[in-house]
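Any value given below was found using the heavy atoms of this structure, including those in side chains, with hydrogens, waters and symmetry copies removed.
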Amino acid sequence: MDDQSAIAINGSFFQQIHLPHQKNLIDGVQFPTVLSPIPHSSAKTHLLHLTEAIKSHKQWLEDLLQKSGAILFRGFPVDSPSDFNDVIEATGFPDMEYIGGAALRTQVSGRVFTANESPPDQHIAFHHEMAYAADFPFKVLLFCEVEPEEGGETPIVLSHIVYEKMKRIHPAFVARLEEHGLLYTRLLNRDDDLTSPSGRGWQSTFSTHDKTIAEQRAAKMGMKLEWIDDDGLDSVKMIIGPLSAFRVDKARQSKTWFNSLVVGHGHGSQDNSTVVQPDPVTFGDGKPIPVDMVYDCIKILEEECVAIPWKKGDVLLIDNLAVLHSRRPCVNSQARSRRVLASLCK
């Protein structure tokens, strides 16, 4: 149950509430910060009130996001994809075109897309959105249109904590990552694979049916394509990197675990793709990643994460530079009822 001893903040619209799943950070900041409307006995809160409050408190919200890493807006009248699109527009964050990403997504309304169209009973491992690409989003917004009956949470974890723990436990491994970075390799079919969380075919990935154009768009994102002679199936090997495994989080004066090691390696997610994959993630010099390092990282991620059950109308704003996210499977009989939508912003 939500803590009813809400804290009135920033005028008379937002209040900060406490959930049992949150983690306490320094200076009384909670991860994630949870904001709800302050109840008014004389008037019902409307969507316009929320969007106008976001616009007028933009700098305050960005400062709060920088301190916390994620903000959950709960209890606001965000009922539809178009409502969510209005919230996105109110933030003023620039839109980002989804080119080069691995997840299957379909446009729903304006800047709103499905988050991942793989079956919701599948687990998706922790990752920074598009950490494997030269151009990645700074902000990720998620909206729960249909809450799952059970399971289906979107766990989040502060990336600098993962880096600090991995460096303390495995200093030599982290030093090798510092020196060599990571090299990502994926095999893509021409068509999409709806059974896989990373089943986007190359035509969808690069928004073209033309191989030359696909190569040009891949090159702009720091990717190299190698076409495979496979009896007309038009498969391609996509090579990315070497890329740094870490980024500097200036706000927290620390390094972050900004990579796709766990999700790319395949030990942290379910992938039913029929494509036979090469070693998907290696050190930048091509040498294999020890599997026990991947498992230890997964353990840290699970220990440090926060997984707040979704409620209809929730909007979760994530600082993609500071926070990793994942997806837990739905375990109820109506698993496909879960519907979480997404938007990527610069």
Query - salt bridge (Lys or Arg N to Asp or Glu O under 4.0 Å): pairs with one or both residues in residues 51-72, sequence neighbours excluded - result: Glu52-Lys55, Lys58-Glu62
Report summary line: Excluding Ile239, membership of its hydrophobic cluster (Ile, Leu, Val, Met, Phe, Trp, Tyr; side-chain heavy atoms within less than 4.5 Å) reads Leu183
Query raised in the report: Would Lys312 and Asp79 pass as an ion pair if we require N to O under 4.0 Å?
Result: no
**Report entry** Test item: Glu129 and Phe136 side chains (from C-beta on) under 4.5 Å apart, heavy atoms
**Finding:** no
Query raised in the report: Taking atom types as modelled and ignoring hydrogens, do the side chains of Asn116 and Ser118 form a donor-acceptor contact shorter than 3.5 angstrom?
Result: yes
Query raised in the report: Taking side chain as C-beta onward, heavy atoms only, is Arg339 less than 4.5 Å from Pro120?
Result: no
Query - Beyond-backbone contact of Phe173 with Phe283, side-chain heavy atoms, under 4.5 angstrom - result: yes
Query raised in the report: Do the side chains of Ile71 and Leu316 get nearer than 4.5 Å, heavy atoms only?
Result: no
Query raised in the report: Linking I/L/V/M/F/W/Y whenever their side-chain heavy atoms sit closer than 4.5 Å, directly or via other members, would Leu324 and Val248 fall into one cluster?
Result: no
**Report entry** Value rounded to 0.5 Å, distance of SG in Cys330 from CD in Gln122
**Finding:** 11.5 Å
Query raised in the report: Do Val236 and Glu226 have side-chain heavy atoms sitting under 4.5 Å apart?
Result: no
**Report entry** NE2 on His57 to CG on Leu35, rounded to 0.5 Å
**Finding:** 10.5 Å
Report summary line: Across all chains, not counting sequence neighbours, the side-chain hydrogen bond (donor to acceptor under 3.5 Å, both in side chains) partners of Asp27 are none
Report task. Describe, in one word, how the ring planes of Phe14 and Phe76 are oriented to each other, choosing from parallel (under 30°), tilted (30 to 60°) and perpendicular (over 60°). Result -> perpendicular
Query - Pair Leu47-Val87, side-chain contact (heavy atoms from CB on, under 4.5 Å): steps then yes or no - result: CA-CA 8 Å; Leu47 179 66; Val87 172; 4.1 Å; yes
Query raised in the report: Atom CG of Leu61 and atom OG of Ser68: how far apart are they, to the nearest 0.5 Å?
Result: 11.5 Å
Query raised in the report: Got a second to check how far Trp310's CH2 is from Arg74's CZ, nearest 0.5 Å?
Result: 9.0 Å
Report task. Report yes or no: do Asp192 and Ser204 form a side-chain donor-acceptor pair below 3.5 Å? Result -> yes
Query raised in the report: Do side-chain atoms of His123 reach the backbone of Arg327 as a donor and acceptor pair under 3.5 angstrom?
Result: yes
Requested in this report: Take Leu182 and Ile289 through the test side-chain contact (heavy atoms from CB on, under 4.5 Å) and record every step on the way to the result.
Outcome: CA-CA 9 Å; Leu182 291 169; Ile289 302 289; 3.8 Å; yes
**Report entry** 4.5 Å side-chain heavy-atom contact, Phe138 and Leu321
**Finding:** yes
Report task. Tell me yes or no: between the side chains of Ser254 and Asp249, is some donor less than 3.5 Å from an acceptor? Result -> no
Requested in this report: Provide the full list of salt bridge (Lys or Arg N to Asp or Glu O under 4.0 Å) pairs with a residue in residues 166-181, sequence neighbours left out, each pair given once.
Outcome: Arg176-Asp285, Glu178-Lys255
Report task. Please work out whether the ring planes of Trp257 and Phe246 are parallel, tilted or perpendicular, with thresholds of 30° and 60°. Result -> tilted
Requested in this report: Examine Ile124 and Phe113 and state if one hydrophobic cluster contains both, with Ile, Leu, Val, Met, Phe, Trp and Tyr joined whenever side-chain heavy atoms are less than 4.5 Å apart.
Outcome: no
Query raised in the report: According to the side-chain hydrogen bond (donor to acceptor under 3.5 Å, both in side chains) rule, which pairs have a member within residues 212-224, sequence neighbours left out?
Result: Glu215-Trp227
**Report entry** Side chain to side chain, Lys237 and Arg186, heavy atoms closer than 4.5 Å
**Finding:** no
Query raised in the report: Is it the case that Lys23 places NZ or CZ above or below the six-membered ring of Phe31, under 6.0 angstrom from the centre and within 45 degrees of the axis?
Result: no
Query raised in the report: What residue among Val315, Ile308, Leu317 forms side chain to side chain contact (heavy atoms under 4.5 Å, CB included) with Leu72?
Result: Ile308
Requested in this report: Enter the distance from Leu141:CG to Thr91:OG1 here, rounded to the nearest 0.5 Å.
Outcome: 6.0 Å
Query raised in the report: Between Phe258 and His128, what is the ring plane arrangement, given parallel below 30°, perpendicular above 60°, and tilted in between?
Result: tilted
Query - Any donor-acceptor pair under 3.5 Å from Gln16 side chain to Val34 backbone - result: no
Query - Test item: Leu142 and Leu341 side chains (from C-beta on) under 4.5 Å apart, heavy atoms - result: no
Query raised in the report: If two hydrophobic side chains count as joined below 4.5 Å and joins carry through other members, does Leu65 share a cluster with Trp60?
Result: yes
Query raised in the report: Do we see a donor-acceptor contact under 3.5 Å between the side chains of Asn24 and Gln30?
Result: yes
Report task. Determine, step by step, whether Asp135 and Lys346 satisfy the salt bridge (charged side-chain N to carboxylate O under 4.0 Å, His left out) criterion, reporting the C-alpha distance in whole Å, the side-chain angles of both residues, the deciding distance to 0.1 Å, and the verdict. Result -> CA-CA 9 Å; Asp135 189 25; Lys346 293 300 286 184; 2.7 Å; yes
**Report entry** Pairing of Lys211 and Asp234 as salt bridge, 4.0 angstrom limit
**Finding:** yes
Query raised in the report: Rounded to the nearest 0.5 Å, how far apart are CZ of Arg338 and CD of Glu153?
Result: 8.5 Å
Report task. Evaluate the criterion salt bridge (charged side-chain N to carboxylate O under 4.0 Å, His left out) for residue pair Arg105 and Glu117; output intermediate values, then yes/no. Result -> CA-CA 6 Å; Arg105 288 175 175 156; Glu117 296 186 15; over 6 Å; no
Query raised in the report: ring-ring contact (aromatic ring centres under 6.0 Å, His included) with His170: which residues, sequence neighbours excluded?
Result: none
